[in-house]
Trainee: 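Okay, here's the structure, questions in a sec.
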2 protein chains.
Amino acid sequence: MLSHKAKYALKALLYLAEQDENHISRTIEIAEGANIPKKFLEQILLDLKRGRFVSSKQGKFGGYYLIRSKNDITLAEVHRLFDGAIALLPCASLNFYEPCSDCKTEEECSLRHGLMIIRDETLKAMQGITIASLVKK
Amino acid sequence: MLSHKAKYALKALLYLAEQDENHISRTIEIAEGANIPKKFLEQILLDLKRGRFVSSKQGKFGGYYLIRSKNDITLAEVHRLFDGAIALLPCASLNFYEPCSDCKTEEECSLRHGLMIIRDETLKAMQGITIASLVKK
DNA sequence: CTAATTCCTAGTAAATCTATAGAATTTACA
DNA sequence: TGTAAATTCTATAGATTTACTAGGAATTAG
């Protein structure tokens, strides 16, 4: 399941994607428009900025705006930024790989192979859902 | 990601699936065989029993055994028993549906449609992985 | 200079997760 | 009928994570 943070991030991106080109959105505007707690959203927008999904203008009349095409941002990327691995266990993850601590030494995790198959399918599906595809809906 | 509980449950089912027909496995045997904390495993086996994946024989020489075909038990079912919904949000879930609390009233969640597509693909993949397919690996 | 905004660092309450403890119950069998 | 070996049940503890909130520093426009 998605964390609230990831869900809010998606909704914030959706909000930004719906605005006119060149429009800069203040945090409070996004918070009210997308129904997200404002102080929590502040953190999320900073995370989105660090993840290079959005950029900001500071000071008076500042705010946030998308710096990537909404056709290009996939659910997989947002998931990875906020909720980490898409695979069901670290040992089956592409981007967050860690060996299982509880697997017998030197032996491969008995679940790994199956979980990699699931990861591949889930990833493919998540890469198919973009911010643009959600806006259009 | 899977919880430890779900991971241990899968490993326990795998262990049981590898035993001879009619063999009854004690908790301690499964715990050592699959490298799972014994007391934690006790709870997990009771959950698996309540979920009708296994049954038990009490008392001396008691233990646990599968009551469903290993070809029939899918990762999707185990996930649902221990970790709940497969969908990324409750509003996109088949078995654990709940409306989004933060979506504007009467309006549908903007994420729901995309998340249902992902759920369908993930579910299909998870239904394709059985205990038997993991054992064979 | 001031108002409005982003940016940064903490902190906190509640929930959840990962177990562990201890005792009650059930059963096989000598 | 007593005992050992097992499941079953209830409670709880500690750690971690989640979902925020607080407060102020830094930045910018006019």
Side-chain angles (χ1 to χ4, degrees), chain A residues 1-12 16 23-32 34-67 79 81-85 88-90 96 100-102, chain B residues 1-12 16 23-32 34-67 79 81-85 88-90 96 100-102:
Chain A
M1 298 274 278
L2 291 182
S3 65
H4 283 205
K5 212 165 177 176
K7 179 178 68 170
Y8 291 155
L10 287 169
K11 290 194 169 188
L16 292 175
H23 179 68
I24 287 189
S25 305
R26 288 170 300 141
T27 304
I28 186 72
E29 183 190 327
I30 305 170
E32 288 170 0
N35 213 26
I36 302 168
K38 193 215 166 207
K39 273 302 218 177
F40 199 17
L41 179 59
E42 277 184 22
Q43 292 184 350
I44 292 164
L45 288 167
L46 287 171
D47 288 336
L48 284 170
K49 189 184 173 183
R50 287 183 204 109
R52 303 192 180 279
F53 291 89
V54 304
S55 191
S56 67
K57 187 163 176 296
Q58 285 195 81
K60 197 170 182 179
F61 304 123
Y64 292 90
Y65 51 95
L66 278 183
I67 54 171
H79 188 287
L81 182 61
F82 290 93
D83 290 352
L88 289 170
L89 285 182
F96 298 84
C100 285
S101 53
D102 58 316
Chain B
M1 298 274 278
L2 291 181
S3 64
H4 282 207
K5 211 165 178 176
K7 179 178 66 171
Y8 292 155
L10 287 169
K11 291 192 168 187
L16 292 176
H23 179 70
I24 287 188
S25 305
R26 288 171 301 143
T27 304
I28 185 72
E29 182 189 328
I30 305 170
E32 286 169 0
N35 213 26
I36 303 169
K38 193 216 167 206
K39 274 301 215 176
F40 200 17
L41 179 59
E42 278 183 19
Q43 292 183 352
I44 292 164
L45 288 167
L46 287 171
D47 288 336
L48 284 171
K49 189 183 174 186
R50 287 183 204 109
R52 303 191 180 280
F53 292 88
V54 305
S55 190
S56 68
K57 185 163 177 295
Q58 285 194 83
K60 198 170 183 178
F61 304 123
Y64 292 91
Y65 52 95
L66 278 183
I67 53 170
H79 188 286
L81 182 61
F82 290 93
D83 289 353
L88 289 169
L89 285 182
F96 298 85
C100 285
S101 53
D102 59 316

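Numbers restart at 1 for each chain; the letters A, B, ... are given by sequence-line order, proteins then strands.
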Trainee: For DNA chain D, which residues in residues 54-61 of chain B have a heavy atom at a distance below 4.0 Å?
Mentor: B:Ser56, B:Lys57, B:Gln58, B:Gly59, B:Lys60

Trainee: For nucleotides 11-18 of chain D, print each protein N/O atom paired with a nucleotide N/O atom at under 3.5 Å, atom names and distance only.
Mentor:
{"residue": "D:dA11", "atom": "N6", "partner": "B:Gln43", "partner atom": "NE2", "Å": "3.4"}

Trainee: Relative to the 5' end of DNA chain D, which residue comes earlier, A:Leu2 or B:Lys39, by the nucleotide with the nearest heavy atom?
Mentor: B:Lys39

Trainee: Whole Å only: how far is the CD atom of A:Glu42 from the C1' atom of D:dA25?
Mentor: 13 Å

Trainee: Please determine which of B:Ser56, B:Ser55, B:Ser25 meets the side-chain contact (heavy atoms from CB on, under 4.5 Å) test together with B:Tyr65.
Mentor: B:Ser55

Trainee: Rounded to whole Å, how long is the line connecting atom NZ of B:Lys11 with atom C1' of C:dT18?
Mentor: 16 Å

Trainee: Do any side-chain nitrogens or oxygens of A:Tyr8 fall under 4.0 Å of OP1 or OP2 in D:dC20?
Mentor: yes

Trainee: Please state how far atom CZ in B:Phe40 lies from atom P in C:dA21, giving the value in whole angstrom units.
Mentor: 14 Å

Trainee: Can you tell me which nucleotide in C:dA21, D:dC20, C:dC7 comes closest to the side chain of A:Pro37?
Mentor: D:dC20

Trainee: Which part of the nucleic acid, if any, lies within reach of B:Lys38 when heavy atoms closer than 4.0 Å are counted: base, sugar-phosphate only, or nothing?
Mentor: nothing

Trainee: Does C:dT18 have its OP1 or OP2 closer than 4.0 Å to a side-chain nitrogen or oxygen of B:Lys5?
Mentor: no

Trainee: Write down the distance between CE (A:Met1) and P (C:dA15), rounded to a whole number of angstrom.
Mentor: 17 Å

Trainee: Side chain to side chain contact (heavy atoms under 4.5 Å, CB included) for B:Phe82 and B:Leu10? Distances and angles first, verdict last.
Mentor: CA-CA 10 Å; B:Phe82 290 93; B:Leu10 287 169; over 6 Å; no

Trainee: In whole Å, what is the span from the OH atom of B:Tyr64 to the C1' atom of D:dA6?
Mentor: 9 Å

Trainee: Using whole Å, what does the distance between atom P of nucleotide C:dT18 and atom CG of B:Leu46 come to?
Mentor: 18 Å

Trainee: Just to confirm, is there a sub-4.0 Å distance from OP1 or OP2 of C:dT27 to any side-chain nitrogen or oxygen of B:Arg26?
Mentor: no

